[in-house]
**Student:** 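To start, I am sharing the structure in question, which I have written as structure tokens.
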Amino acid sequence: MCGIVGYTGNQEATPIILEGLRKLEYRGYDSAGVCVIHSGRAEIRRSEGKLVNLDKLLATAPVNGEIGIGHTRWATHGRPSEINAHPHQAGSIIVVHNGIIENYLELKERLTGLGRTFKSETDTEVISHIIDEKFKETGNFEQAVRNALQELRGAYAVCILCENDPGVLIAAKQGSPMVIGLGENEYFVASDIPAILSHTREMVFMEDGEMVVFSRGKAVFSTVAGEPLEKKPRHIDWSPLMAEKGGYKHFMLKEIFEQPRAIRDTIAGRLMEEDGNVFLEGVKLSDGELAQVERIFIVACGTSWHAALVGKFLIEEHCRIPVEVDIASEFRYRNPIINDKTLMILISQSGETADTLAALREGKARGAKNIAICNVVDSSIARESNGVIYTHAGPEIGVASTKAFITQLAALFLFTIRFGRAIGTIDRDKGRTMVSLLIRIPALLDNVLELNGQIEKIARTYMHARDFLYLGRGINYPIALEGALKLKEISYIHAEGYPAGEMKHGPIALIDENMPVVIVVPKNENYEKVASNMEEVIARGGLVIAVCSEGDEEIRKKAMTTIEIPRDSDDLTPILVSVPMQLLAYHIAVLKGTLACKIGKIK
Ligand code: GLU
């Protein structure tokens, strides 16, 4: 996630770009930069931190010109720093990029072999080098861009300038968003509508594999391969606030719907399909070091702790190493038994959770190895840990964690494959099957998101309940906990999550005809048991909302309501089941008017 802006026309480019970037800050901002071309020279200004730092820099070292590009970065590859901030220049080519280039290491190696030197740690810099390489071959900016883009794998929205073709701006997209604004003798490019809404409401939405070349006051659209395209503009009548939320009512809903994209970014560039393995660039432990691990502690707080509980199931099932899960605030005060054969996995969205950081330090002091799972690049936990798996979910603005949680689950699944392959409990064939499961998730999530309308209706039926119970078993028990937490957090309804088998030891006494009970009952090895727990609830008059596998006639007959999710591997079910839990909590909170709309999480 990040924001890109481009401008070409008759006005000064910098103020337009900066205003656009400001409107895109919700997409993340750990550094920012602009490039403007003036008299055939590219002037670049970049700074670490918030946009105001770039403003200050530009006040002391202004740039002028009527064609330019800008970027607010949310790092995926390389820490937030001035050197890693975009734009990136190689030779005469200057690039801003939103996305992840999956084959950047391969390209970097090849380009280094050609004598090129890289200044940053980013994946983006390969784009500027490869275009420059092609430009040297062809002498034609547009052709160079076409040739270069066809060598990239992964996701990009890019704006590109060329010092040797100073009146031309090129933009292209694959997998990351991009919109073009049409003005009077001027054009705008942006990651998202709010950035340019004050200049024009006539917009062209770019599709994957498309490219636009702005030159001599004209915009020419084509595919990256070179076929001409007719693109029709659309009139956008959204208010600025609506535009920021992408037309969704709340950031939380926007982020729920972003989850297929978020998972794609978590796994991007990490899957080795042929080898049935994964490549985790941030995990520095060798196979030999991983093989020495005798015990794992996963330490986290809140929603991340629920992800940790799922991680325990995955790792124990596939790697046969004992895993303990601890709440960070408990771990640090309980004299845990750890040594240099222990691996700690610390999970924190922000990477700043104080108790989790303290637990990491405690573990390090006792000689444990560690790996962090974080969303925010270069956060304290990421910096202090020996290795990190970034979730690449993009900034999470909604108050309740959604995409950060399911990307943590995907990261744990990635780790399980890597660890199992290293210690030999997962062979190549099994690894391949597991990798193919990950590839399927985004499409399955798209299917689950289609249940939104149905879940809103369910929310209307149950919104007045005073209490809710959530039940699950095995790998889905943590998702019952997470469902209950979401509801409490945003709708202020009392909710408890329980392992379904624990019902008879107390909670069953609470069930009556006023108690909605959300039961996670997909077709898996626990199915019969959970289905019989469901019968117990029904016998006491409880109002069963069953989250079950698609087409489960038995459950349909018995439950008051069913939410049916696609049937897939048991390991993936927690990711799929999380989505109806999020939507149910969201809609109840909206109906009750309790959803805080504050921007809560960006530092
Ligand atoms: N992968 C690029 C980087 O880390 C772009 C990240 C973004 O989309 O902000 O610099």
Side-chain angles (χ1 to χ4, degrees), residues 1-6 17 20-35 44 46-51 54 69-90 94-108 118-131 149 152-160 171-179 189-192 195 258 261-262 264-270 281-282 351 374-379 382 388-397 403 407 602-603:
M1 287 283 279
C2 77
I4 63 171
V5 179
I17 292 170
L21 293 179
R22 210 160 287 124
K23 298 272 170 49
L24 294 178
E25 275 198 313
Y26 70 91
R27 295 175 60 87
Y29 47 89
D30 56 44
S31 53
V34 289
C35 172
I44 297 181
R46 304 185 295 184
S47 65
E48 192 183 331
K50 294 192 181 175
L51 207 50
L54 183 65
I69 57 181
H71 188 266
T72 55
R73 180 167 186 246
W74 178 262
T76 65
H77 292 65
R79 73 215 142 80
S81 65
E82 191 191 323
I83 216 83
N84 288 333
H86 302 209
H88 289 286
Q89 179 165 17
I94 307 105
V95 173
V96 290
H97 164 225
N98 164 215
I100 295 174
I101 302 304
E102 295 188 17
N103 56 339
Y104 83 104
L105 280 177
E106 195 180 307
L107 293 171
K108 194 167 177 175
F118 284 75
K119 296 183 213 102
S120 77
E121 304 153 324
T122 63
D123 50 335
T124 302
E125 202 184 341
V126 299
I127 309 178
S128 46
H129 278 283
I130 192 161
I131 300 174
L149 293 183
L152 302 180
R153 266 204 331 266
Y156 59 77
V158 279
C159 280
I160 312 152
K173 101 153 203 117
Q174 176 67 45
S176 299
M178 175 177 279
V179 56
V189 185
S191 299
D192 205 353
E258 258 172 40
R261 192 276 310 149
R264 262 185 217 108
D265 284 352
T266 309
I267 61 179
R270 288 172 165 168
E281 67 285 5
C374 297
N375 191 29
V376 180
V377 174
D378 214 33
S379 48
V388 54
I389 307 173
Y390 287 119
T391 50
H392 296 161
E396 194 167 60
I397 299 173
K403 60 180 182 171
T407 54
I602 295 188
K603 279 187 296 169

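Atoms within a ligand are numbered from 1 in the order they appear, just like the ligands themselves. Please read these numbers as outputs of a predicted model, since none were measured by experiment.
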**Student:** What part of Thr124, side chain, backbone, both or neither, has a heavy atom within less than 4.0 angstrom of ligand 1?
**Tutor:**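 Side chain only; the backbone of Thr124 stays clear of ligand 1.
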**Student:** Test of understanding: with side chain to side chain contact (heavy atoms under 4.5 Å, CB included), list the residues that count as partners of Gln89, not counting sequence neighbours.
**Tutor:**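 Scan of Gln89 (side chain to side chain contact (heavy atoms under 4.5 Å, CB included), adjacent residues dropped) gives Ala42, Ile44, Ile94, Glu163.
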**Student:** Angle class for the His129/Phe118 ring planes (parallel below 30°, perpendicular above 60°, tilted otherwise)?
**Tutor:**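 Rings of His129 and Phe118: tilted, as their planes differ by 30° to 60°.
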**Student:** Could you tell me the separation between the CG atom of Asp123 and the CD atom of Glu281, rounded to the nearest 0.5 Å?
**Tutor:**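 It comes to 9.5 Å.
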**Student:** Determine, stepwise, if the pair Glu396 / Lys403 fulfils salt bridge (Lys or Arg N to Asp or Glu O under 4.0 Å).
**Tutor:** CA-CA 7 Å; Glu396 194 167 60; Lys403 60 180 182 171; over 6 Å; no
**Student:** Sequence neighbours excluded, which residues qualify as side chain to side chain donor-acceptor pair (under 3.5 Å) partners of Arg264?
**Tutor:**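 Here no residue qualifies.
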**Student:** With rounding to the nearest 0.5 Å, note down the distance linking CZ in Arg46 to CG in Leu54.
**Tutor:**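 It is 11.0 Å, given to the nearest 0.5 Å.
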**Student:** Does ligand 1 have a heavy atom under 4.0 Å from the side chain of Thr76, from its backbone, from both, or from neither?
**Tutor:**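 Both backbone and side chain of Thr76 come within 4.0 Å of ligand 1.
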**Student:** Can you list the atoms of ligand 1 that are under 4.0 Å from a heavy atom of His97?
**Tutor:**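 Under 4.0 Å from His97, ligand 1 has these atoms: 5 (C).
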**Student:** For atom 5 (C) of ligand 1, which of the options Cys2, Pro80, Gly99 provides the nearest non-hydrogen atom?
**Tutor:**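 Nearest heavy atom to atom 5 (C) of ligand 1 lies in Gly99.
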**Student:** Are any of the N/O atoms in Thr72 less than 3.5 Å from those in ligand 1?
**Tutor:**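 Checking ligand 1 against Thr72, no N or O pair falls under 3.5 Å apart.
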**Student:** Which of these, Asp30, Thr122, Asp123, has its nearest heavy atom closest to atom 2 (C) of ligand 1?
**Tutor:**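 It is Asp123 that holds the nearest heavy atom.
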**Student:** Using a 4.0 Å cutoff against the non-hydrogen atoms of Trp74, which atoms of ligand 1 qualify?
**Tutor:**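 Here the atoms of ligand 1 in question are 6 (C), 7 (C), 9 (O).
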